[in-house]
Amino acid sequence: MYSEKVLDHFTHPRNVGEIADADGVGTVGNPRCGDIMRFYIKVEDGRISDITFKTFGCGAAVATSSMATELIRGKTLDEALQLTNKTVIEALEGLPPQKIHCSVLAEEALRAALVDYYTKHNLPLPKELETTASCDVCCRNEPRCDK
Amino acid sequence: MFVYADNAATTPVSDAVFNAMLPWLHDRYGNPSAIYSVGREAKAAVEDARVKVASLIGARPEEIVFTAGGSESDNYALKGTAYAGRKKGRHIISTKIEHHAMLHTLEWLEKQGFEVTLLDVDSDGLVSPDDVKRAVSDNTILISVMAANNEIGTIEPIAEIGEIAAAHKIPFHTDAVQAYGHIPLNVREMNLSTLSLSAHKLRGPKGIGALYIKNGTHIDTFLHGGGQERGRRGGTENVAGIVGLGEAAYQCSLHMAEDAKRVTALRDRLIAGILPIPYSRLTGHPTRRLPGNASFCIEGIEGEAIVLTLDSLGVMASSGSACSSGSLDPSHVLMAIGLPHVVAHGSVRLSLGPQNTDAEVDYLISAVHKTAEDLRAKSPVWENNAPMWAKFE
Ligand SMILES: Cc1ncc(COP(=O)(O)O)c(C=O)c1O
């Protein structure tokens, strides 16, 4: 079952919403799997000055989105690149095994938003972002669903 | 406000049942197999309960075997009938929408060399008697169709299927765990050989149920042990549980018709209050459904998130979405009625009982509306009051 932290971040999610003039937007997941996450970032002086999300999905999907945005807000781009799903899980005081993929999705949503930022601003892609994982973390029963 | 609206999962033990059980948990501890007075009174209590459980479905008391609940009854009926019939044939007919207590037992029987045909259902969840007829072969030794579905509430045409089974002299089982005590059932009119029931769905305790076994039915013993239950089910009887089941059945015999009417009215008001939510739909048959079952899919939001949000509003409900079941696909029932994944993800089931009130139904309606609005406001697929699935495919 869910930890109190997860339930808190589900019931009172931090940073929900859109950023109209976002510097980067990343969307991962797919409808068939039942979870879609979209992260919006604003970058100022090499720092993520604002970050928001919108998520369709289960309790863990919303809570990991919320926690990931909390962990990233105010961080430098370099620090943001280091965020892993493990950090998100630890900050949430654990996730049930079948919900680990939600934390992977949150990590990927952030990376997708960063890729969008670097691409839009014609900046060279840092090597950490060169291998963007596919979205099939949630669809292990499907060969690949990278649409 | 706190509203328990998950009566299909389990029900609160009624005062009558609680009071009937209490002495048997403490003062009246005799073993029903003992011949002295303390044993005899326990035996009498067990037999009294057997009469009550039998009479609700038109069975004879000796046709009732007490078990540890619905799952055991299903296992007993399937394995017992399959093994007793295996010299005649190996083919079993059932449906795609059975409870896992049935489906997983059938999977196990397949591994033992039985052949299982699982029938499709229509978009309302109804099994077609014609499909049953077509599936029957010389090799068929058992037909099993649930009386009413636990997720979507659809009531199956058991009497019609029973006629087909009788015409072919094939044993006929029904999982009536959701139906017993809620809708009228008659084992003779329905030509049933076996019927599973469970006390905790009718305001009795958990871990106690029964299997009706028609006199003359060939069925192997499932739980070997002492000579209890006339040698059919070993183990010292759960006297308090049996007394609780008996009392719950007795209460249903007094109040079922009137409760069903009242609960059906509450359910229909609940359905009418929820369907105005845009992109929502009822799952299961519009009229042939259990009195208490109101199940829906609400697009653009996810079932487990619906359950958690309702919980935060004091409402206890459940969902058949993939995330809530811990699997990758939404429930087999929602898939069997042909719902697309994107729709089935938004599943929520509210199930009412006789203890629910009008004021609670009002609260449920407003809580579900609020939940849909809150979650849609957070959902990237919800734009301009519609789900934009195509953008994500
Ligand atoms: C249709 C159906 N069959 C079987 C069961 C299993 O019953 P029990 O929980 O008593 O083992 C249930 C209840 O969950 C059910 O709804």
Side-chain angles (χ1 to χ4, degrees), chain A residues 1-2 6-18 25-40 52-66 69 95-102 105 109 112-113 135-142 145-147, chain B residues 279 297-315 317-331 334-335 339-348 370-384 386-393:
Chain A
M1 252 306 91
Y2 288 138
V6 173
L7 290 174
D8 175 43
H9 274 261
F10 173 77
T11 320
H12 309 286
R14 323 318 192 239
N15 313 314
V16 183
E18 298 173 17
V25 180
T27 308
V28 296
N30 86 43
R32 195 184 148 85
C33 301
D35 29 33
I36 299 172
M37 292 183 190
R38 179 180 286 159
F39 278 27
Y40 299 81
T52 64
F53 76 94
K54 274 192 146 184
T55 289
F56 158 73
C58 63
V62 173
T64 52
S65 308
S66 168
T69 56
L95 276 180
Q98 73 273 20
K99 301 292 187 181
I100 301 296
H101 80 266
C102 293
L105 216 54
C135 79
D136 64 4
V137 282
C138 69
C139 287
R140 281 153 301 188
N141 58 339
E142 296 197 347
C145 50
D146 46 2
K147 283 189 269 182
Chain B
Y279 293 90
C297 283
I298 304 176
E299 269 188 75
I301 57 182
E302 194 283 323
E304 189 202 82
I306 301 176
V307 169
L308 288 171
T309 307
L310 287 173
D311 180 21
S312 74
L313 298 170
V315 171
S318 70
S319 170
S321 78
C323 293
S324 51
S325 60
S327 75
L328 296 161
D329 281 320
S331 91
L334 300 177
M335 296 289 96
L339 291 178
H341 276 69
V342 292
V343 174
H345 285 311
S347 126
V348 59
K370 183 170 172 8
T371 298
E373 281 159 26
D374 283 4
L375 290 176
R376 281 173 173 174
K378 293 174 201 158
S379 174
V381 302
W382 194 253
E383 275 180 47
N384 303 319
M388 297 292 160
W389 296 118
K391 284 195 184 176
F392 297 90
E393 273 159 9

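By convention in this document, chain letters (A, B, ...) are assigned in the order of the sequence lines, proteins followed by strands, and residues within each chain are numbered from 1.
With sequence neighbours left out, B:Y279 forms a ring-ring contact (aromatic ring centres under 6.0 Å, His included) with B:W382. Residues satisfying the side chain to side chain contact (heavy atoms under 4.5 Å, CB included) test with B:A344, not counting sequence neighbours, are B:P330, B:L334, B:M335, B:L339. Scanning for side-chain hydrogen bond (donor to acceptor under 3.5 Å, both in side chains) contacts around A:T52 gives an empty result, with sequence neighbours left out.
When atom types are taken as modelled, the side chain of B:H341 and the backbone of A:C33 share no donor-acceptor pair closer than 3.5 angstrom. At least one donor-acceptor pair closer than 3.5 Å links the side chain of B:E304 to the backbone N or O of A:G59.
Closest heavy-atom contact between B:A305 and A:G57: CB-O, 3.3 Å. What you find for B:G300 and A:F56 is that their closest heavy atoms are O-CD1, 3.3 Å.
For A:S65, no part lies under 4.5 angstrom from a heavy atom of chain B. For A:F53, no part lies near chain B; criterion is any non-hydrogen pair under 4.5 Å. Looking at A:A61, neither its backbone nor its side chain comes within 4.5 Å of chain B, counting heavy atoms on both sides. Looking at A:P96, there are no atoms closer than 4.5 Å to chain B (heavy atoms on both sides), in backbone or side chain.
Using a 4.5 Å cut-off between non-hydrogen atoms, the part of residues 307-314 of chain B that approaches chain A consists of B:L308, B:T309, B:S312.
A:I36 CD1 to B:H345 NE2: the interatomic distance, rounded to the nearest 0.5 Å, is 9.0 Å. With rounding to the nearest 0.5 angstrom, the NZ atom of B:K378 is 5.5 Å from the CZ atom of A:F10.
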